[in-house]
Amino acid sequence: MTRAALLVLVDGRFPAGGHAHSGGAEPAVRAGRITDTASLADFCRGRLHTAGLVAAGLAAAAAAGLDPLALDDAADARTPVPALRSTARKLGRQMMRAARATWPSAELDALAAARPRGAHQPVVLGLAARSAGLAPLDAAHAAAYESVSGPATAAVRLLSLDPFDATAVLARLATDLDRVASAATRAADRVPTKGYDTLPAASAPLLDITAEEHAAWPVRLFAS
């Protein structure tokens with residue numbers, strides 16, 4: 001397949017369920033940590049270099065053909081908060097449905113059978129990229145971009161931000177996105193010789209704490 005498959009994979013209209021999740025933006029808005037485009041940019045940059053880097057490493061490794069079950073275990077170890085584990089598996093289940101319909105493959109079928117309740121989303125994303133004929137770096141770019149596009153879109157709805165300004169935030173993160181994707185792919189390249197512990201394990205404690213709080217809200221706009 002052509003690399004244009006990457007455009008399909010990262011398209012916001014790809015039915016992978018991401019539109020229902022804010023990536024931590026909703027509790028950040030309520031807490032006053034996101035109030036305008038400048039604070040949105042700070043939030044997205046921080047998320048990119050932590051949760052985004054971890055997701056990009058897992059996706060690149062899956063796209064490289066490494067054991068998806070071992071990667072799913074590695075994702076669990078890097079996701080200490082129950083709310084985020086549940087979210088990652090729900091999104092993985094939805095991504096699996098979309099990927100199997102779009103790029104059917106025996107590898108996707110095998111992972112779906114082994115993890116019927118859903119594998120972590122970045123692992124499924126990487127395997128979907130592999131099934132689409134994309135490279136590990138492509139998968140890393142897709143995961144890194146998802147880590148910031150979700151919060152940016154959510155902030156438009158939560159704060160009535162100008163969508164042009166929110167899109168400009170993403171555009172100004174382009175260099176950071178490239179660096180994170182490259183770093184994640186290099187880490188994935190080391191796994192066959194150095195082991196799974198070489199994958200990124202950056203932490204974002206505030207995202208973890210607010211995810212647990214958000215999950216307990218009786219009324220919320222986004223699922224996470």
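All values derive from a computational prediction rather than experimental measurement. Start at 1 with the first residue, then count along the sequence.
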Tyr196/Asp73 under side-chain contact (heavy atoms from CB on, under 4.5 Å): CA gap, chis, key distance, verdict: CA-CA 10 Å; Tyr196 290 89; Asp73 290 340; over 6 Å; no
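- In the hydrophobic cluster analysis, where Ile, Leu, Val, Met, Phe, Trp and Tyr join through side-chain heavy atoms closer than 4.5 angstrom, Trp103 is grouped together with Val123.
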Result block: side-chain N/O donor-acceptor pairs under 3.5 angstrom for residues 142-151, not counting sequence neighbours:
unit_1	atom_1	unit_2	atom_2	d
Glu146	OE1	Gln121	NE2	2.8
Ser147	OG	Ala144	O	2.6
Ser149	OG	Tyr145	O	3.1

Show which side-chain atoms of residues 156-176 pair as donor or acceptor with protein atoms under 3.5 Å away, not counting sequence neighbours.
unit_1	atom_1	unit_2	atom_2	d
Asp162	OD1	Phe164	N	2.8
Thr167	OG1	Pro163	O	2.9
Asp176	OD2	His49	NE2	2.8

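- Between Glu107 and Arg130 there is a salt bridge, since a side-chain N of the basic residue sits under 4.0 Å from a carboxylate O of the acidic one.
- Scanning all heavy atoms of the two residues, the minimum distance from His120 to Ala75 falls at CG-CB, 3.4 Å.
- Closest approach of Ala154 and Ala25 over heavy atoms only: CB-CB, 4.2 Å.
- Remark: the backbone N or O of Pro15 is paired with a side-chain donor or acceptor of Gln94 at under 3.5 angstrom.
- Leu48 and Leu91 are not part of a single hydrophobic cluster, where members link through side-chain heavy atoms under 4.5 Å apart.
- Counting heavy atoms from C-beta outward, Pro192 and Leu66 have side chains that approach closer than 4.5 Å.
- Interatomic distance, CZ of Arg30 versus CZ of Arg220, reported as 10.5 Å (0.5 Å rounding).
- In this structure, CZ on Arg100 lies 9.5 Å from CG on Leu111, to the nearest 0.5 angstrom.
- Salt-bridge formation is detected for the pair Arg89/Asp72: a Lys NZ or Arg NE/NH1/NH2 atom is positioned less than 4.0 Å from an Asp or Glu carboxylate oxygen.
- The two atoms that bring Pro136 and Thr185 nearest to each other are O-OG1, 4.0 Å, heavy atoms only.
- Judged by distance alone, with hydrogens and angles left aside, the side-chain atoms of Ser182 form a donor-acceptor pair with the main-chain N or O of Asp178 at under 3.5 Å.
- Taking hydrophobic clusters as Ile, Leu, Val, Met, Phe, Trp and Tyr residues chained together by side-chain heavy-atom distances below 4.5 Å, Leu58 does not share a cluster with Val81.
- In terms of heavy atoms, Met96 sits closest to Ala112 at CE-N, 3.8 Å.
- Without hydrogens or angle criteria, Arg186 side chain to Ala181 main chain gives no donor-acceptor distance under 3.5 Å.
- The backbone N or O of Lys194 sits nowhere less than 3.5 Å from a side-chain atom of Thr198 that would complete a donor-acceptor pair.
- Formation of a donor-acceptor pair under 3.5 Å by the His141 side chain with backbone atoms of Leu137 is found in this model.
- Ala155 approaches Leu40 most closely through the heavy-atom pair CB-CD1, 3.9 Å.
- Without hydrogens or angle criteria, Arg97 side chain to Ala16 main chain gives no donor-acceptor distance under 3.5 Å.
- Distance check, rounded to the nearest 0.5 Å: CG of Leu221 to OG of Ser22 gives 8.5 Å.
- Annotation for Pro200 and Arg78: closest pair O-NE, 2.8 Å, computed over non-hydrogen atoms.
- Note that the CG atom of Leu9 and the OG1 atom of Thr102 stand 9.0 Å from one another [nearest 0.5 Å].
- The closest side-chain heavy-atom distance from Asp208 to Thr79 is not below 4.5 Å.
- Between the side chain of Arg33 and the backbone N or O of Val29 there is no donor-acceptor pair closer than 3.5 Å.
- For Thr35 (side chain) and Gly32 (main-chain N/O), no donor-acceptor pair under 3.5 Å exists by modelled atom type.
- The CG atom of Leu108 sits 3.5 Å away from the OG atom of Ser131 when rounded to the nearest 0.5 Å.
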His19/Thr153 under side-chain contact (heavy atoms from CB on, under 4.5 Å): CA gap, chis, key distance, verdict: CA-CA 8 Å; His19 65 280; Thr153 301; over 6 Å; no
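- Cluster annotation: Phe14 is connected to Leu127 through the hydrophobic network of ILVMFWY side chains, with a link wherever side-chain heavy atoms come within less than 4.5 Å.
- Here Phe222 contributes atom CZ and Thr87 contributes atom OG1; the two are 13.0 Å apart, rounded to the nearest 0.5 Å.
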